[in-house]
2 protein chains.
Amino acid sequence: MKRDQTTEEKIKAAAKKVFMTKGFDGCSVRDIAKEVGSNVALLNYYFRSKEKLFELIFEGAMSDFLQSMIAVFSSDLTLKEKVEQLIDKEFTFFLEHPELPMFILQSLHQNKTDAPMPSHFLEPIANTGIFEQFEKAKAQGEVRDISIRNVTLLLMSNVHYPFMSKKLTMQFHGISAEDFDEDLRKHKEIVKELIINYLFISNPKA
Amino acid sequence: MKRDQTTEEKIKAAAKKVFMTKGFDGCSVRDIAKEVGSNVALLNYYFRSKEKLFELIFEGAMSDFLQSMIAVFSSDLTLKEKVEQLIDKEFTFFLEHPELPMFILQSLHQNKTDAPMPSHFLEPIANTGIFEQFEKAKAQGEVRDISIRNVTLLLMSNVHYPFMSKKLTMQFHGISAEDFDEDLRKHKEIVKELIINYLFISNPKA
DNA sequence: GGAAAAATTAAACAAATGTTTAAATTTTGG
DNA sequence: CCAAAATTTAAACATTTGTTTAATTTTTCC
């Protein structure tokens with residue numbers, strides 16, 4: 001039995017839905033008000049402005065966007081296990097929230113959020129000690145000689161892009177949304193093997 | 001000595017620049033007119049409407065977006081060479097036109113172009129015979145057992161995403177645009193090895 | 001050189017935008 | 001129960017939006 005949403009929560013939910021699908025520029029405050037089922041003035045009563053409301057939604061989205069990373073990295077696993085789990089968790093999460101990667105990258109691309117990424121997003125990741133763990137594994141020859149930045153790019157590419165490419169891929173192959181989702185599920189395993197095979201050296205020096 | 005641009009060309013160039021950076025919703029026709037250095041009415045004189053002008057720009061962008069694919073696929077190379085060349089050409093091209101992947105995916109995502117991808121984009125690719133070449137290589141055990149759709153997703157992920165993630169990556173690692181570009185150049189070689197290693201079976205049955 | 005055509009401009013248009021105002025309604029707390 | 005506070009509404013606001021009109025300038029071509 002879920003408690004009734006407050007008006008403030010209803011507005012946030014509606015704003016999230018509308019901003020996510022249409023983007024900041026692609027919607028009006030009246031679109032959001034209509035989704036809430038009420039007046040435009042109410043949005044500004046609670047959130048002062050369209051921009052302030054957007055920033056709130058964006059922050060929440062960014063937080064979701066990075067959450068699996070923090071959870072997995074701070075766990076007590078080997079590097080290889082962490083990478084495997086990260087890919088798994090990210091795919092599972094984005095299968096539930098497929099619009100998130102596009103929303104984040106597009107918002108950043110168009111500078112819809114002026115401030116640089118707040119440190120409270122990045123520090124928790126650094127604090128997991130994942131970077132040190134990676135450098136150590138590299139020094140021990142367990143992992144290929146590659147910079148952490150390139151690893152990040154590899155992981156993000158293979159984990160975010162598939163969800164951003166839905167329309168392009170569907171048109172490109174002439175397939176349905178269901179077919180595409182099936183491809184995504186298969187892709188999870190492919191990406192895991194791809195990345196693990198590449199990063200980790202299979203026959204460490206005896 | 002380049003001939004003077006016609007007004008029509010100047011408008012198209014300005015529209016391309018503005019649409020690419022700000023998106024269809026993120027700019028006004030007056031933004032474009034200002035970039036041209038002239039009147040708003042002129043845009044409609046030549047192109048009837050903002051939407052028509054956008055569709056023109058989008059078509060051109062999509063054409064550029066797919067061009068390397070067609071060029072490489074219709075060449076006379078082995079599959080492995082084609083994949084290698086494709087990655088190389090795409091990285092080189094997008095290093096010159098880094099906004100293209102984001103523009104295409106974002107426009108499709110927000111349905112800024114209603115029509116499904118015209119067949120004159122897709123047929124040339126199918127007509128290169130690349131799909132048959134792939135299936136044959138798979139049947140001969142030269143290539144891993146993976147669907148063409150998942151291969152496409154792999155290639156696009158690793159070739160498009162890096163250019164889309166500039167802002168996110170710069171903020172994430174706290175690096176400059178120059179550092180990021182350097183990462184991109186290094187990433188080209190990484191992606192080549194990553195994909196080739198994964199797709200092609202190194203020790204075909206003797 | 002001058003009329004017809006094409007290109008360019010300034011101005012106006014209605015509609016949509018984000019925001020604010022002030023009034024009406026509902027909730028709160030004594 | 002009732003006044004004060006909080007919430008919600010309808011209406012108005014000034015700007016900006018895409019587009020059109022009509023006038024002006026430039027080019028074309030006989």
Side-chain angles (χ1 to χ4, degrees), chain A residues 2-61 103 106-107 109-115, chain B residues 2-61 103 106-107 109-115:
Chain A
K2 203 169 17 176
R3 195 183 104 261
D4 280 8
Q5 273 184 317
T6 68
T7 305
E8 196 173 335
E9 288 168 337
K10 270 191 263 183
I11 296 177
K12 280 213 292 211
K16 185 174 175 180
K17 179 173 172 186
V18 175
F19 279 142
M20 286 270 183
T21 53
K22 311 221 243 178
F24 180 83
D25 294 320
C27 72
S28 69
V29 288
R30 281 169 181 81
D31 292 337
I32 300 173
K34 188 175 291 178
E35 179 75 28
V36 180
S38 91
N39 202 284
V40 247
L42 210 52
L43 309 199
N44 281 19
Y45 175 74
Y46 281 104
F47 301 99
R48 294 180 40 91
S49 74
K50 184 189 182 187
E51 234 175 13
K52 290 264 194 304
L53 177 54
F54 178 83
E55 271 165 33
L56 207 77
I57 300 300
F58 179 80
E59 290 251 327
F103 176 70
Q106 187 208 320
S107 300
H109 179 68
Q110 287 173 10
N111 292 318
K112 284 319 167 201
T113 166
D114 32 352
Chain B
K2 202 164 22 170
R3 196 183 103 263
D4 279 8
Q5 272 185 317
T6 67
T7 304
E8 198 174 334
E9 288 167 338
K10 269 191 266 184
I11 296 177
K12 280 215 291 211
K16 185 174 174 181
K17 179 174 171 185
V18 175
F19 279 142
M20 286 268 182
T21 53
K22 311 222 242 178
F24 180 83
D25 293 320
C27 73
S28 69
V29 288
R30 281 168 181 82
D31 291 338
I32 299 173
K34 188 174 289 179
E35 179 75 27
V36 180
S38 90
N39 202 283
V40 246
L42 209 52
L43 309 198
N44 281 17
Y45 176 73
Y46 281 104
F47 301 99
R48 294 178 42 93
S49 75
K50 184 190 183 187
E51 236 175 12
K52 290 263 194 306
L53 177 54
F54 178 83
E55 271 166 32
L56 206 75
I57 300 301
F58 180 80
E59 289 250 327
F103 175 69
Q106 187 208 321
S107 300
H109 179 67
Q110 288 174 9
N111 292 319
K112 284 321 168 197
T113 164
D114 32 352

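Given the structure is predicted, the values throughout are model-derived calculations rather than measurements. Reckoned from all heavy atoms, side chains included, excluding hydrogens, waters and symmetry mates.
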Problem set entry | Distance, nearest 0.5 Å, that separates CZ of A:Phe58 from CD of A:Glu51 | 13.0 Å
For this session: Applying side-chain hydrogen bond (donor to acceptor under 3.5 Å, both in side chains), name anything that partners A:Asn39, two or more places apart in sequence or on another chain.
Result: none
Exercise. Distance from A:Lys52 atom NZ to A:Glu55 atom CD, nearest 0.5 Å?
Worked result: 6.5 Å
Problem set entry | Point-to-point distance, once rounded to the nearest 0.5 Å, from NZ of A:Lys34 to CD1 of A:Ile32 | 12.5 Å
Seminar exercise, completed: chain B reaches DNA chain D, atoms under 4.0 Å from its heavy atoms, from D:dT17 to D:dT21
Exercise. At what distance, to the nearest 0.5 angstrom, does CD of A:Gln110 lie from CD of B:Gln106?
Worked result: 4.5 Å
Cut-off 3.5 Å, no hydrogens considered: what does the side-chain donor-acceptor table look like for residues 12-29 of chain A, sequence neighbours left out?
unit_1	atom_1	unit_2	atom_2	d
A:Lys17	NZ	A:Glu35	OE2	2.9
A:Thr21	OG1	A:Lys17	O	3.0
A:Thr21	OG1	A:Val18	O	3.2
A:Asp25	OD1	A:Lys112	NZ	3.4
A:Asp25	OD2	A:Lys112	NZ	3.1
A:Ser28	OG	A:Arg30	N	3.3
A:Ser28	OG	A:Asp31	N	3.2

For this session: Count the heavy atoms belonging to other residues, nucleotides or ligands that lie under 6.0 Å from CD of A:Glu8, then report whether that count exceeds 12.
Result: yes
Check the interface with nucleotides 16-18 of chain C: list each N/O to N/O pair with the protein under 3.5 Å, or write none.
unit_1	atom_1	unit_2	atom_2	d
C:dG18	OP1	A:Lys50	NZ	2.7
C:dG18	OP2	A:Val29	N	2.8
C:dG18	N7	A:Arg30	NH1	2.9
C:dG18	O6	A:Arg30	NH2	3.1

Exercise. With the sugar-phosphate defined as primed atoms, P, OP1 and OP2, and the base as all remaining atoms, what B/S/- string results for nucleotides 23-29 of chain C, 5' to 3', for protein heavy atoms under 4.0 Å?
Worked result: -------
For this session: Kindly indicate, with the supporting measurements, whether the criterion side chain to side chain contact (heavy atoms under 4.5 Å, CB included) is fulfilled by B:Leu42 and B:Thr7.
Result: CA-CA 9 Å; B:Leu42 209 52; B:Thr7 304; 3.8 Å; yes
Might you list the N or O atoms of the protein lying below 3.5 Å from N or O atoms in nucleotides 4-8 of chain C, with each pair's distance?
unit_1	atom_1	unit_2	atom_2	d
C:dA7	OP2	B:Tyr45	OH	2.9
C:dT8	OP1	B:Thr7	OG1	2.8
C:dT8	OP2	B:Thr7	OG1	3.1
C:dT8	OP2	B:Tyr46	OH	2.8

